[in-house]
Chemist: 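Just dropping this structure here.
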Amino acid sequence: MAHSLHSLHTFALNSQCQNFVEITQLEQLKTQSFSAPFCLLGEGSNTVFLNDYMGTVIKIALKGIKITERENDTLISIAAGENWHQLVSYLLEKNIPGLENLALIPGTVGASPVQNIGAYGVEIAKFVELVEYFDITTNTMHLLNNEQCEFAYRDSIFKHALKNKAVITQVHLALPKKWQPVLSYGPLQQLKVVTPQAVFDQVIQTRNSKLPNPYTLANAGSFFKNPIITNQQLAELLKQFADLPHYEYGQSHHKVAAGWLIDQSGLKGHREAGIEVHQQQALVLVNHGNSEGSDLIKIIKHIQQVVYTRYNIMLEHEVRLMDARSECHINAEPKQ
């Protein structure tokens with residue numbers, strides 16, 4: 001039976017799925033059919049349904065938080081359906097800092113290791129001790145340690161070897177008792193008094209000033225990944241674009257700001273139907289309504305094309321795009 005996906009993904013395109021299931025108990029996973037096509041969903045803040053989905057959307061809504069004190073750290077065990085920002089806020093109230101740089105990132109805890117969420121110099125990979133998942137091919141539960149998760153920038157094993165095979169059910173985070181602030185990014189360097197609460201408040205203020213609330217103006221957050229380029233590439237770019245924001249990424253690479261590349265390419269406010277490059281933050285695409293998946297594909301390709309022509313960098317979308325039967329990746333044909 002068709003089920004509207006409009007309210008199940010924050011980009012809010014008018015699409016439907018054939019079947020919809022909400023998982024609130026672990027036992028449901030053992031009896032759930034995972035015949036293709038199916039799509040696992042949290043809060044839909046990093047997923048866009050481009051068209052009607054010809055399969056089953058399975059929303060993971062498992063709840064529960066357990067806190068275990070240890071000698072040097074605190075182990076937090078969180079069910080996959082818990083809201084990420086509410087977790088960060090809840091832990092701060094309990095005087096358990098560490099995640100404050102990751103405040104206000106939309107989505108669920110279960111989705112957080114999949115793309116190794118990160119912001120303001122911190123990635124969740126820094127804290128993950130174990131990820132618990134249900135293997136749909138064997139109907140069994142498994143645990144992965146941090147190394148086995150194969151974390152990288154916006155990446156993990158859940159996007160590769162375990163894609164469409166694993167349902168994350170619980171994430172175990174180890175937060176050190178000795179708090180060390182990470183203040184390497186812009187606005188955080190201006191803090192006069194450095195406390196976990198001050199960092200949390202500043203991150204929220206900065207994100208609110210730049211990023212539209214997806215529940216008042218439909219969007220999927222940061223749409224493109226910050227490109228990782230070689231030091232040599234960066235040196236060449238800086239000759240022409242001296243104020244290009246860049247951050248060290250290992251010894252031989254730098255990460256550059258995708259939002260800056262889009263903004264400086266004059267694309268703020270560019271629009272296809274009701275989809276627009278946000279006026280305040282070029283990294284965000286917003287949906288004013290009366291739009292279709294084809295409009296979104298058109299604007300993605302246009303952005304990629306313009307940025308490539310100007311900077312010789314092909315932007316990759318960070319947001320998961322679902323077509324009628326599977327995930328798809330949009331890449332413009334570069335024109336020189």
Chemist: Could you tell me if the side chain of K301 sits less than 4.5 Å from the side chain of Q304, heavy atoms only?
Modeler: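 When only atoms from C-beta onward are counted, K301 and Q304 do touch, with a gap below 4.5 Å.
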Chemist: Provide the closest heavy-atom pair for N287 versus G289 in the form atom of the first, atom of the second, distance.
Modeler: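 Residues N287 and G289, closest heavy atoms: OD1-N, 2.9 Å.
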Chemist: How about S4 and F20: do any of their side-chain heavy atoms sit closer than 4.5 Å?
Modeler: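 The answer is no; the side chains never approach within 4.5 Å.
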Chemist: Does the side chain of D201 pick up a donor-acceptor pair with the side chain of Q205 at under 3.5 Å?
Modeler: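 No donor-acceptor contact under 3.5 Å links the two side chains.
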Chemist: I'd like to check L315 versus P227 (side-chain heavy atoms, cut-off strictly below 4.5 Å). Are they in contact?
Modeler: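 Heavy-atom side-chain distance check passes, below 4.5 Å.
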Chemist: Of the non-hydrogen atoms in R207 and Y120, which two are nearest, and what is the gap between them?
Modeler: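 Heavy atoms of R207 and Y120 come nearest at CG-OH, 3.7 Å.
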Chemist: Decide yes or no on side-chain contact (heavy atoms from CB on, under 4.5 Å) for F49 and C39, but give the supporting numbers first.
Modeler: CA-CA 10 Å; F49 291 93; C39 172; 3.9 Å; yes
Chemist: Kindly indicate, with the supporting measurements, whether the criterion side-chain contact (heavy atoms from CB on, under 4.5 Å) is fulfilled by L175 and D73.
Modeler: CA-CA 5 Å; L175 300 181; D73 61 23; 5.8 Å; no
Chemist: As a test of understanding, state which of E248, H254, Q251, H253 forms a side chain to side chain donor-acceptor pair (under 3.5 Å) with N231.
Modeler: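 When side chain to side chain donor-acceptor pair (under 3.5 Å) is applied between N231 and each of E248, H254, Q251, H253, only H254 qualifies.
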Chemist: Is a side-chain N or O of Q86 found less than 3.5 angstrom from the main chain of W84, in a donor-acceptor match?
Modeler: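 No, the answer is negative, given that no donor and acceptor are paired below the 3.5 Å cut-off.
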Chemist: Just checking K63: does its NZ atom have more than 12 heavy atoms from other residues, nucleotides or ligands closer to it than 6.0 angstrom?
Modeler: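 Yes, enclosed.
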Chemist: Can W179 be reached from L99 by stepping across I, L, V, M, F, W or Y side chains whose heavy atoms are under 4.5 Å apart?
Modeler: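 The answer is no; the residues belong to distinct hydrophobic clusters.
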Chemist: Identify whether the distance between the nearest side-chain nitrogen and carboxylate oxygen of K177 and E71 falls below 4.0 Å.
Modeler: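 Here K177 does not pair with E71 in a salt bridge, since their nearest N and O are not under 4.0 Å apart.
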Chemist: Please give me the minimum heavy-atom distance between N46 and A220, naming the atom from each residue.
Modeler: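 Heavy atoms only, the tightest pair is OD1-O, 4.4 Å.
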Chemist: From S291 OG over to R271 CZ, what is the distance, rounded to the nearest 0.5 angstrom?
Modeler: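 Separation between the atoms: 7.5 Å.
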Chemist: First locate atom OG1 of T68, then atom CD1 of I76, and finally report the distance between them rounded to the nearest 0.5 Å.
Modeler: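 If I round to the nearest 0.5 Å, the distance is 7.5 Å.
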Chemist: If we ignore hydrogens and angles and just use 3.5 Å, is the side chain of S156 paired with the main-chain N or O of F158 as donor and acceptor?
Modeler: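 It does hold such a pair.
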Chemist: Does I117 share a hydrophobic cluster with V131, counting links as ILVMFWY side-chain heavy atoms below 4.5 Å and allowing steps through other members?
Modeler: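 Yes, I117 connects to V131 through the hydrophobic network.
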Chemist: Indicate yes or no for a side-chain donor-acceptor contact from D295 to the backbone of E272 under 3.5 Å, with no hydrogens or angles considered.
Modeler: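 The answer is no, because no donor-acceptor pair under 3.5 Å joins these two groups.
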Chemist: Between E316 and K225, is the closest basic N to carboxylate O distance under 4.0 Å?
Modeler: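 Judged by the 4.0 Å cut-off on N to carboxylate O distance, K225 and E316 do form a salt bridge.
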Chemist: Could you label the plane-to-plane angle of the W260 and Y311 rings as parallel, tilted or perpendicular, counting under 30° as parallel and over 60° as perpendicular?
Modeler: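 Tilted: the ring planes of W260 and Y311 meet at 30° to 60°.
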Chemist: Around E147, counting heavy atoms of other residues, nucleotides and ligands shown, do more than 12 lie under 6.0 Å from its CD?
Modeler: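 Counting neighbours around CD of E147, 12 or fewer heavy atoms of other residues, nucleotides or ligands fall under 6.0 Å, so no.
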Chemist: Are L92 and P97 close enough that some pair of their side-chain heavy atoms sits under 4.5 Å apart?
Modeler: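 The answer is yes; the side chains approach within 4.5 Å.
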Chemist: Would you call the rings of H317 and F223 parallel, tilted or perpendicular, where under 30° means parallel and over 60° means perpendicular?
Modeler: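 Rings of H317 and F223: tilted, as their planes differ by 30° to 60°.
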Chemist: Would you say K255 has more than 12 foreign heavy atoms packed within less than 6.0 Å of its NZ?
Modeler: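 Yes, the 6.0 Å shell around NZ holds more than 12 heavy atoms from other groups.
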Chemist: If every non-hydrogen atom of L5 is compared with every non-hydrogen atom of H9, which pair is closest and at what distance?
Modeler: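 Heavy atoms only, the tightest pair is O-ND1, 2.8 Å.
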Chemist: Output yes when a side-chain donor or acceptor of N116 lies under 3.5 Å from a complementary backbone atom of A125, and no otherwise.
Modeler: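 Yes: the side chain of N116 pairs with the backbone of A125.
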Chemist: Return yes if some donor-acceptor pair links the side-chain N/O of H246 with the main-chain N/O of L244 below 3.5 Å, else return no.
Modeler: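 Indeed, once roles are kept as given, a pair shorter than 3.5 Å links the two residues.
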Chemist: Under a 4.5 Å side-chain heavy-atom rule over Ile, Leu, Val, Met, Phe, Trp and Tyr, are L283 and V306 clustered together?
Modeler: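 Yes, because L283 and V306 connect within a single hydrophobic cluster, where side-chain heavy atoms sit under 4.5 Å apart.
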Chemist: Is there a side-chain contact between V57 and M322, using heavy atoms and a 4.5 Å cut-off?
Modeler: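 A side-chain contact under 4.5 Å is absent here.
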Chemist: Looking only at heavy atoms, which two atoms of P212 and V286 are closest? And how far apart?
Modeler: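 Closest pair (atom of P212, atom of V286, distance): CG-CG1, 3.9 Å.
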Chemist: Does F224 share a hydrophobic cluster with L234, counting links as ILVMFWY side-chain heavy atoms below 4.5 Å and allowing steps through other members?
Modeler: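 Same cluster: F224 reaches L234 through Ile, Leu, Val, Met, Phe, Trp or Tyr contacts under 4.5 Å.
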Chemist: F34 vs F134 aromatic rings, parallel, tilted or perpendicular, using cut-offs 30° and 60°?
Modeler: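 Tilted, since the angle between the ring planes falls between 30° and 60°.
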Chemist: Mind checking the CD-OG1 spacing from Q202 to T195? Nearest 0.5 Å is all I need.
Modeler: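 Interatomic distance, Q202 CD to T195 OG1, rounded to 0.5 Å: 11.0 Å.
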Chemist: Crowded around Q28 CD? As in, over 12 foreign heavy atoms under 6.0 Å?
Modeler: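 Yes, because the 6.0 Å sphere around CD of Q28 holds more than 12 heavy atoms from other groups.
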Chemist: Would you say the ring centers of Y53 and H3 fall short of 6.0 Å from each other?
Modeler: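 For Y53 and H3, the ring centres are not under 6.0 Å apart.
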Chemist: Just so I know, are the side chains of Y90 and E82 near enough to count as touching, which here means a heavy-atom distance under 4.5 Å?
Modeler: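 With C-beta onward as the side chain, the pair stays apart.
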Chemist: Could you please spell out the steps behind the side-chain contact (heavy atoms from CB on, under 4.5 Å) verdict for L285 and V277?
Modeler: CA-CA 5 Å; L285 302 183; V277 180; 3.8 Å; yes
Chemist: From T56 OG1 over to N19 CG, what is the distance, rounded to the nearest 0.5 angstrom?
Modeler: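 So the gap between those two atoms works out to 4.0 Å.
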Chemist: Can you tell me if R154 uses its side chain to pair, donor with acceptor, with the backbone of N226 under 3.5 Å?
Modeler: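 Checked: no pair found.
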Chemist: Please test V203 against E100 for side-chain contact (heavy atoms from CB on, under 4.5 Å), starting from the C-alpha separation and ending with a verdict.
Modeler: CA-CA 8 Å; V203 167; E100 50 286 332; over 6 Å; no
Chemist: Within the structure provided, determine whether N219 and H278 are in side-chain contact (heavy-atom separation under 4.5 Å).
Modeler: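 N219 vs H278: side chains apart.
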Chemist: Can you confirm whether Y185 sits close enough to T206 that some side-chain heavy atom of one is under 4.5 Å from a side-chain heavy atom of the other?
Modeler: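 Sidechains of T206 and Y185: no contact.
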Chemist: With a sphere of 6.0 Å drawn around NZ of K159, does it hold more than 12 non-hydrogen atoms of other residues, nucleotides or ligands?
Modeler: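 Enclosed.
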Chemist: Say you draw a straight line from CD1 of I58 to CD of E22; how long is it, rounded to the nearest 0.5 Å?
Modeler: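 That separation rounds to 12.0 Å.
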Chemist: Taking atom CG as the centre, does N290 end up with more than 12 heavy-atom neighbours from other residues, nucleotides or ligands that are less than 6.0 angstrom away?
Modeler: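 Open: at most 12 neighbouring heavy atoms sit under 6.0 Å from CG of N290.
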Chemist: If you count every heavy atom of other residues, nucleotides or ligands that lies below 6.0 Å from E292 atom CD, does the total exceed 12?
Modeler: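 No - once you tally the heavy atoms of other residues, nucleotides and ligands closer than 6.0 Å, there are 12 at most.
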Chemist: For K59 and G42, indicate whether the former's side chain and the latter's backbone hold a donor-acceptor pair under 3.5 Å.
Modeler: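 Yes: the side chain of K59 pairs with the backbone of G42.
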Chemist: Hey, quick one: are I60 and L87 part of the same hydrophobic cluster, counting side-chain heavy atoms closer than 4.5 Å, chains of contacts allowed?
Modeler: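 No.
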Chemist: Kindly compute the distance separating CD1 (I330) from CG (D323), expressed to the nearest 0.5 Å.
Modeler: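 Reported to 0.5 Å precision, the distance equals 7.5 Å.
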Chemist: If you compare all heavy atoms of V182 against all heavy atoms of L188, which two are closest, and at what distance to 0.1 Å?
Modeler: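 Smallest interatomic distance, heavy atoms only, reads O-CD1, 3.6 Å.
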Chemist: Counting neighbours of CE on M54 that are heavy atoms of other residues, nucleotides or ligands and sit closer than 6.0 Å, is the number greater than 12?
Modeler: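 At most 12 heavy atoms, drawn from other residues, nucleotides or ligands, come within 6.0 Å of this atom.
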